Amino acid sequence: ERTSGNLCFPNCNSFMSYTTCILSKGLSAHAAYYEILDGIWARHFPVTERGYEEFWRKVSTLSTGEQACVVANEYYGETNCNGFEGYFLNTNCQQAHQTEKALRLFGLDQAAEFLRKALIIGQVPNNLPPDFFYEWVEERKKEFKKVDKEYRRSKPIHGFHEAVVNYIR
């Protein structure tokens, strides 16, 4: 058994092997969620990747659950801090459609629906062309503010950590 900081996970190659160890600790969902992310990083990203494209290429090789954790974590942080348009600007929408699927995988359907609405407002194509670049457009600002306000009022991401950990269980 290896340890990384306070993480523990067996010398196995499956996503569930190290998560099983983490979940056996009896941690709160919030603490377990962040230990699982630490486990993903320790296991798959022991060295900082050489840039954005290389990082996401590597993410694409992870298990479905690990990929979902990574994209949902990015969404969670960006939308809570910067709203939907900030999420789009900071991520160039590269994982936005995959994130909608990840949120549904975790049972966060209302959050996924808000993301879908934002994708429509932002006119983000379903299959992004290789040269896609999300641009801020003043005319969309009012619509984004409205969906951000609804999102914060309805709190569809409430229970995020629990939903992810329950999926992993």
Side-chain angles (χ1 to χ4, degrees), residues 15 19 29-30 33-168:
F15 175 55
T19 58
H30 186 266
Y33 171 80
Y34 284 104
E35 284 222 14
I36 290 165
L37 281 179
D38 286 347
I40 291 170
W41 259 247
R43 186 177 193 89
H44 299 291
F45 302 99
V47 176
T48 304
E49 297 301 319
R50 294 185 193 142
Y52 186 82
E53 290 82 13
E54 180 61 22
F55 172 78
W56 287 108
R57 186 204 60 72
K58 180 120 184 203
V59 168
S60 72
T61 68
L62 304 180
S63 72
T64 300
E66 289 169 320
Q67 286 181 42
C69 285
V70 172
V71 299
N73 184 65
E74 178 182 57
Y75 165 87
Y76 181 78
E78 287 290 340
T79 56
N80 281 330
C81 293
N82 305 309
F84 285 103
E85 190 160 43
Y87 167 62
F88 291 166
L89 287 167
N90 291 335
T91 66
N92 198 34
C93 308
Q94 294 302 302
Q95 291 15 279
H97 290 287
Q98 182 182 1
T99 301
E100 181 186 355
K101 293 174 186 164
L103 293 170
R104 292 190 192 285
L105 182 70
F106 297 142
L108 296 164
D109 294 332
Q110 189 181 15
E113 194 57 31
F114 272 101
L115 177 53
R116 189 189 64 74
K117 286 179 190 177
L119 287 164
I120 291 169
I121 293 168
Q123 300 175 357
V124 178
N126 199 12
N127 294 312
L128 296 180
D131 61 345
F132 180 81
F133 182 76
Y134 182 80
E135 293 187 47
W136 183 79
V137 177
E138 180 67 35
E139 292 78 31
R140 296 183 196 147
K141 188 172 185 172
K142 194 176 200 176
E143 290 180 81
F144 274 115
K145 280 189 174 194
K146 181 181 174 187
V147 79
D148 283 337
K149 186 176 180 179
E150 287 177 46
Y151 183 79
R152 293 194 193 307
R153 184 180 41 78
S154 66
K155 301 178 182 171
I157 207 71
H158 181 74
F160 174 79
H161 302 105
E162 291 84 358
V164 173
V165 170
N166 286 338
Y167 167 79
I168 293 167

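Note that the structure is predicted; figures quoted are calculated from it, not measured. In this chain, numbering begins with 1 at the start of the sequence shown.
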*Is the closest side-chain donor-acceptor distance between Gln95 and Glu74 under 3.5 Å?*
no

*Look up atom CD1 in Ile40 and atom CG in Leu62, then write down how far apart they are to the nearest 0.5 Å.*
7.0 Å

*Test item: Phe132 and Gln94 side chains (from C-beta on) under 4.5 Å apart, heavy atoms*: yes

*What is the minimum heavy-atom distance between Gly86 and Glu78, and which atoms define it?*
O-OE1, 3.9 Å

*Sequence neighbours excluded, which residues qualify as side-chain contact (heavy atoms from CB on, under 4.5 Å) partners of Arg104?*
Glu100, Asp109, Ala112, Glu113

*Minimum-distance pair of heavy atoms, taken over all atoms of Pro156 and Ala111*: CB-N, 3.6 Å

*asked:* For the CZ atom of Phe106 and the NZ atom of Lys101, what is their distance to the nearest 0.5 Å?
replied: 14.0 Å

_Shortest non-hydrogen contact from Cys93 toward Tyr134_ = SG-CD1, 3.7 Å

*With sequence neighbours excluded, what pairs up with Lys146 under the side-chain contact (heavy atoms from CB on, under 4.5 Å) test?*
Glu150

*asked:* Please evaluate residues Glu54 and Arg57 with respect to the criterion salt bridge (charged side-chain N to carboxylate O under 4.0 Å, His left out), reporting the C-alpha separation (whole Å), side-chain torsions for both, the decisive distance (0.1 Å), and the verdict.
replied: CA-CA 5 Å; Glu54 180 61 22; Arg57 186 204 60 72; 2.8 Å; yes

*How about Tyr151 and Leu115: do any of their side-chain heavy atoms sit closer than 4.5 Å?*
no

*Measure across Ala29 and Val165 and return the closest heavy-atom pair with its distance rounded to 0.1 Å.*
O-CG2, 3.5 Å

*Test the Lys117-Phe114 pair against the cation-pi criterion, namely NZ or CZ under 6.0 angstrom from the six-membered ring centroid and within 45° of the ring axis.*
yes

_Nearest-0.5 Å distance that lies between atom CG in Asn82 and atom OG1 in Thr91_ = 10.0 Å

*Could you check if a side-chain atom of Val59 sits within less than 4.5 angstrom of a side-chain atom of Phe45, using non-hydrogen atoms only?*
yes

*Just how far is it from atom CZ of Arg153 to atom CG of Asp148, taken to the nearest 0.5 Å?*
12.5 Å

*Does Ile168 reach the side chain of Cys69, with side-chain heavy atoms less than 4.5 Å apart?*
yes

*Which class fits the ring pair Tyr76 and Phe160: parallel under 30°, tilted 30 to 60°, perpendicular over 60°?*
parallel

_As a quick check of understanding, evaluate side chain to side chain contact (heavy atoms under 4.5 Å, CB included) for Val70 and Phe55, giving each step before the final call._
CA-CA 11 Å; Val70 172; Phe55 172 78; 4.0 Å; yes

_Spacing of Ile157 atom CD1 and Leu103 atom CG [to the nearest 0.5 Å]_ = 5.5 Å

*Check step by step if side chain to side chain contact (heavy atoms under 4.5 Å, CB included) holds for Ile36 and Val164.*
CA-CA 10 Å; Ile36 290 165; Val164 173; 6.0 Å; no

*Quick one: closest heavy-atom pair of Leu128 and Asn92, and the distance?*
CD1-O, 4.3 Å

*Calculate, to the nearest 0.5 Å, the distance between atoms CD and NZ belonging to Glu85 and Lys141 respectively.*
8.5 Å

*Check: Pro125 main-chain N/O paired with His97 side-chain donor or acceptor under 3.5 Å*: yes

_Using every non-hydrogen atom in the two residues, find where Thr99 and Tyr87 come nearest and quote the distance to one decimal._
OG1-OH, 3.3 Å

